[in-house]
There are 2 protein chains.
Amino acid sequence: MPTSSSGTGQRPRSRAAAGLPAITADRIIDAATTLTGERGLDNWTLRELARAVEAYPAVIYHHVGDRDAVVNAVVDRVVGLLELPDPDLPWQQWFTELLAGLRAVLRAYPGCARRLALFGPSVEAATRSIDAGVRVLLRTGFGRESVLAYNLLLMTACQFVAMEDDRDGALALRIDNTEEYATYRERADLPGMAELGSAMHDLMGDPDLAAGYYAQVYDYAVQRCLDGLTHRLAELRESDDPGLTAT
Amino acid sequence: MPTSSSGTGQRPRSRAAAGLPAITADRIIDAATTLTGERGLDNWTLRELARAVEAYPAVIYHHVGDRDAVVNAVVDRVVGLLELPDPDLPWQQWFTELLAGLRAVLRAYPGCARRLALFGPSVEAATRSIDAGVRVLLRTGFGRESVLAYNLLLMTACQFVAMEDDRDGALALRIDNTEEYATYRERADLPGMAELGSAMHDLMGDPDLAAGYYAQVYDYAVQRCLDGLTHRLAELRESDDPGLTAT
DNA sequence: ACCTGAACACCGTTCAAGT
DNA sequence: ACCTGAACACCGTTCAAGT
């Protein structure tokens, strides 16, 4: 039994009316979104969600569906939080702002980034941002490659946020390779590994550096993608042959 | 009981010697790798793995460890299959070849790409390719950014392979949004979505195009990253200030 | 229509006991 | 040291029965 609020139970009508608010799909998704914000998308069970809304697991099925349906609803809700930049911005700046906002939103709901990177959002939730983003690229001159370029930017962004999310999870579990990598920093026989080891060592020594590290990695990735697309745009304009065929 | 081969049972010594080969960590990881190749890293259970080597689940724990330990061993083995290009190749070509090989290897063992994108390989398994890759970038002139650039390339590659893997899984489950997106292709009010819809529609109409689609998306992503890094390299050479600080 | 309460068929993991 | 066999504490999901 879901822990009842132990009311006096004078109500003769339906059980749920005994002081408990009505259970709706919306309320369930609210609770699931809250749980996701607190522990991440993969770190709550349907049974815990049911407990959170003071209901039985079967009630979740009745109102929303199986776990996957709940998760999809949560991801859609999170995607809905994303704000779109001013459409009149230059395209690089438009995407820089979009992706900065995306990181902020996704980081607040761990696990959503991974889900988005792998499956994408539902068509309905995605429409707003896809339309805006592809429109910016079309207007810029990416032609038939606009969709490809949009996907590259969004997926790269989601991927790097997913890495951050999982990194937090790994840190919580005390599985952190940083120290092990750092031991390689004097290995003259492996100069590549030594470079990595030295970077990891710097990171370990400076908490401020470590705090901003992932933001920097994210910005680096986004910036390199934008640079690569800028280069491609010049190629497209030169050849005057927009489209996928001329890769 | 693991389905015994129902031998005559004349052997007096240990149970395992009744016609069954000795169980070793190596044999377990072999079996796990085979299962992964057949169904993907997330689509077998420890109990199935135990059955595959005709042993009890506890035997897996005894020789290898928990499920995570087995999975890590499988991923390490898959990473070991990767061949490194000739170190004298120009850097872009070196990475183009590396990442083409990476896609081939990872696609043969679904689920490994995602794991790699999120956690990276174990330090030991990674050493070979990290050292070679970072060395190429150092020699090219990326200086302190070599590690960042290496990670960008490898993570982008893994991410796109992971998307392919999961796409296959989703197709098996008949959750495919392509058709839904295609319905937007005449929506003049949503020109961005219409562009996407039209791309999806083309894909649905031409099986050959669809077959090569993900390879193309992968190559596009890799190429844009390389272009972006080439651009960055020029900036670094101009400023003559190698390092992370000048982002 | 909505909720209850129990059940089903799994899962990863642990452990005392055997040899 | 290695294996057995059973158990534990979960999980998502289903379903007949209640109101």
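Chain naming here is simple, since letters A, B, ... match the order of the sequence lines and numbering starts at 1 in each. Just the heavy atoms: all of them, side chains too, but no hydrogens, waters or symmetry mates, feed the values below.
The distance between atom NE2 of B/H62 and atom C1' of D/dG5, rounded to the nearest whole Å, is 16 Å. One can place CD of A/E54 at 15 Å from C1' of C/dT4, the figure rounded to the nearest angstrom.
The side chain of A/H63 contributes an N or O atom lying less than 4.0 Å from OP1 or OP2 of C/dC3.
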5' to 3', nucleotides 9-18 of chain C under a 4.0 Å protein heavy-atom cut-off (B base, S sugar-phosphate only, - none) gives --BBBBB---

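Using a 4.5 Å heavy-atom cutoff, the side chains of B/W44 and B/R67 are in contact.
With sequence neighbours excluded, no residue forms a salt bridge (Lys or Arg N to Asp or Glu O under 4.0 Å) with B/D76. By the side-chain hydrogen bond (donor to acceptor under 3.5 Å, both in side chains) test, B/Y214 is found to be paired with B/R167, residues two or more places apart in sequence or in another chain being considered. Not counting sequence neighbours, B/R128 has no partner by the salt bridge (Lys or Arg N to Asp or Glu O under 4.0 Å) test. Taking the side-chain hydrogen bond (donor to acceptor under 3.5 Å, both in side chains) definition, one finds that B/R27 meets it with nothing, sequence neighbours left out. A/D66 pairs by the side-chain hydrogen bond (donor to acceptor under 3.5 Å, both in side chains) definition with nothing, not counting sequence neighbours. Partners of A/E124 under the side-chain hydrogen bond (donor to acceptor under 3.5 Å, both in side chains) rule, at least two apart in sequence or in another chain, do not exist in this structure.
Remark: DNA chain D takes part in the stems C:4-8 with D:12-16, C:12-16 with D:4-8, each of 3 or more antiparallel Watson-Crick or G-U pairs, criterion distances under 3.5 Å.
A salt bridge (Lys or Arg N to Asp or Glu O under 4.0 Å) check over residues 113-122 of chain B, counting only residues at least two apart or in different chains, returns the pairs B/D42-B/R114, B/D68-B/R115, B/R114-B/D166.
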